[in-house]
Number of protein chains: 2
Amino acid sequence: MLPAEDQPATTRRRDAAATRQLLLDAARRRFARNGYAATTVREIADQAGVNVALISRYFVSKEGLFEACLMGAADELDRVVQKDYSIDAVAASMARHLAGPSADWQAQQVLMLLRSSGDEQADRIRHAKLRFLAERMATAGGWYPGHPEEETLLLRAQVALAAALGLAILRTSAVLEPLASADQEALTEPLRAVMGALLTPQA
Amino acid sequence: MLPAEDQPATTRRRDAAATRQLLLDAARRRFARNGYAATTVREIADQAGVNVALISRYFVSKEGLFEACLMGAADELDRVVQKDYSIDAVAASMARHLAGPSADWQAQQVLMLLRSSGDEQADRIRHAKLRFLAERMATAGGWYPGHPEEETLLLRAQVALAAALGLAILRTSAVLEPLASADQEALTEPLRAVMGALLTPQA
DNA sequence: GAACCAAGTCAACGATTGTTTACGTCACAT
DNA sequence: ATGTGACGTAAACAATCGTTGACTTGGTTC
């Protein structure tokens with residue numbers, strides 16, 4: 001239960017920022033995999049090796065902890081699709097975040113976009129980030145505000161985003177093989193096919 | 001199912017099969033939209049307009065009710081992808097089930113495939129159905145057991161399935177516009193693009 | 001060393017969860 | 001009409017949930 005405690009005589013315990021981070025990591029893992037309602041604060045605290053009461057102390061409430069996880073994920077996900085990405089670059093980035101090195105950690109951030117606590121503010125953050133990601137992906141396909149086919153391009157980008165999100169779920173929640181254990185390389189090709197088919201500007 | 005239909009002020013209550021169905025419908029709606037853990041048996045009973053205790057009577061437990069919903073959905077979903085469907089037919093069927101007439105009801109069945117109660121047997125049913133759907137979709141792309149590129153084709157079909165499932169989530173859980181209110185016609189085109197790109201046999 | 005305060009612990013709170021038990025009540029066969 | 005059994009109701013059960021307040025511990029500062 002206790003995390004690696006290999007600092008013999010120095011710090012490690014009694015460090016507010018460190019335990020806060022332990023709680024965030026444990027909570028994100030649980031929230032991403034099992035959802036908000038199915039996750040108990042005692043589970044989180046145990047996994048973090050920390051007392052339950054510290055959740056209320058550092059994050060006010062379970063919802064506060066969830067929101068903190070979501071905001072952290074939202075910040076991190078800005079890096080998934082850069083402004084100047086090509087369509088292939090979008091596909092490559094998706095594959096890297098879903099199956100690359102440190103994929104567990106990255107996939108958790110992605111899954112947070114699909115978890116809801118019922119809290120309005122958290123839902124707003126989630127919704128805004130999904131919308132942002134879709135627009136970034138649409139941009140790779142020539143979309144811009146005021147484009148003559150603005151809505152169609154955005155719709156197609158949202159379908160592409162849906163594919164990536166559904167992929168994250170099928171790999172973790174359900175464990176569909178061979179998808180679940182497909183590595184980054186194996187995932188890049190079909191993702192490139194999807195992104196190309198959906199985002200490539202029509203003739 | 002058999003007895004007198006709509007007596008205005010008299011019967012209607014005291015019909016075991018009917019209330020059982022009321023519970024199933026209410027439960028499927030809640031489970032599909034909010035997940036298993038976030039749904040309480042009292043919510044279900046209230047929405048069905050029946051007493052809470054009847055859940056235990058007719059379905060043994062909350063998990064029993066969930067499993068009944070899932071099995072019903074699994075049976076229904078066999079119709080989504082028929083054996084002899086072409087790639088375009090798969091896309092059309094997906095669009096019809098997600099946005100066609102009676103889409104609410106159909107989409108709920110789809111979402112049940114993504115909801116987990118933690119129960120092993122339910123998870124097996126869910127997993128088997130997902131695998132079945134992916135194989136059916138792969139079949140539309142020329143896949144068959146023993147195919148030289150069997151794993152690759154199946155992987156691509158699973159990505160296609162992920163796209164359809166992700167679409168169901170983004171339309172209901174998150175409510176991303178214009179995707180959420182896109183009708184069947186508007187959804188057919190991008191879905192055809194996805195299915196075509198993923199399932200079409202390579203040169 | 002004493003004082004002080006943040007960090008962490010412990011036990012309990014009220015509320016809500018799924019489930020059960022004992023009790024009404026309506027339909028139907030005799 | 002009258003039991004009789006299935007259908008439905010109401011109240012309560014134990015367990016668990018998130019949260020709180022009083023307490024102890026350990027590090028830092030005079």
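Scope of the values below: all heavy atoms of this structure, side chains included, with no hydrogens, waters or symmetry mates. Reminder, nothing fancy here: chain letters follow the sequence lines and each chain counts from 1.
Between the CZ atom of A:Phe66 and the C1' atom of D:dC17 there is a distance of 18 Å, given to the nearest Å. Here the P atom of nucleotide D:dT9 and the CG atom of B:Asp46 are 11 Å apart, to the nearest Å. Atom CG of B:Asn51 is separated from atom C1' of C:dT25 by 14 Å (rounded to the nearest Å). Between the P atom of C:dT17 and the CZ atom of B:Arg30 lies a distance of 12 Å, rounded to the nearest Å. If you take CG of B:Leu22 and C1' of D:dC7, they are 14 Å apart, rounded to a whole angstrom. Taking atom CZ on B:Arg57 and atom P on D:dA6, their separation rounds to 10 Å, with Å as the unit. Between B:Ile44 atom CD1 and C:dT16 atom P the separation is 18 Å, expressed in whole Å. Atom CD1 of B:Ile55 and atom P of C:dG18 are 8 Å apart (whole Å).
A side-chain donor-acceptor contact under 3.5 Å links B:Gln21 and B:Asp25.
At most 12 non-hydrogen atoms from other residues, nucleotides or ligands lie less than 6.0 angstrom from CD of A:Glu151.
When the side-chain nitrogen and oxygen atoms of A:Ser56 are compared with OP1 and OP2 of D:dG18, none of them lie within a distance under 4.0 Å.
Which of D:dC7, C:dT19, C:dT9 sits closest to the side chain of B:Lys62 comes down to C:dT19. When distances run from any side-chain atom of A:Ala53 to the nucleotides D:dG21, D:dT19, D:dC7, the shortest one goes to D:dG21. For A:Leu54, the listed nucleotide lying nearest its side chain is C:dG8; candidates were D:dT9, D:dT19, C:dG8. Of the candidate nucleotides C:dC26, D:dG18, D:dT19, C:dC26 has the atom lying nearest to any side-chain atom of B:Arg14. Of the candidate nucleotides C:dG18, C:dT21, D:dG8, C:dG18 has the atom lying nearest to any side-chain atom of B:Thr40. Closest contact between the side chain of A:Val41 and the listed nucleotides D:dG8, D:dT19, C:dT21 involves D:dT19.
Using a cut-off of 4.0 Å between Lys/Arg side-chain N and Asp/Glu carboxylate O, A:Lys129 and A:Asp78 are scored as salt-bridged. Salt bridge present: A:Glu189 and B:Arg156 bring a charged side-chain N and a carboxylate O closer than 4.0 Å.
Nucleic acid contact class of A:Tyr58 (heavy atoms, under 4.0 Å, all strands): sugar-phosphate only.
Paired with B:Gln108 under the rule side-chain hydrogen bond (donor to acceptor under 3.5 Å, both in side chains), one option of B:Glu76, B:Arg28, B:Arg29 passes, and it is B:Arg28.
For B:Val52 and B:Ala16, each mapped to the nucleotide of DNA chain D holding its nearest heavy atom, the one lying further toward the 5' end belongs to B:Ala16.
No N or O donor and acceptor, one from the side chain of A:Arg42 and one from the base of D:dT16, sit under 3.5 Å apart.
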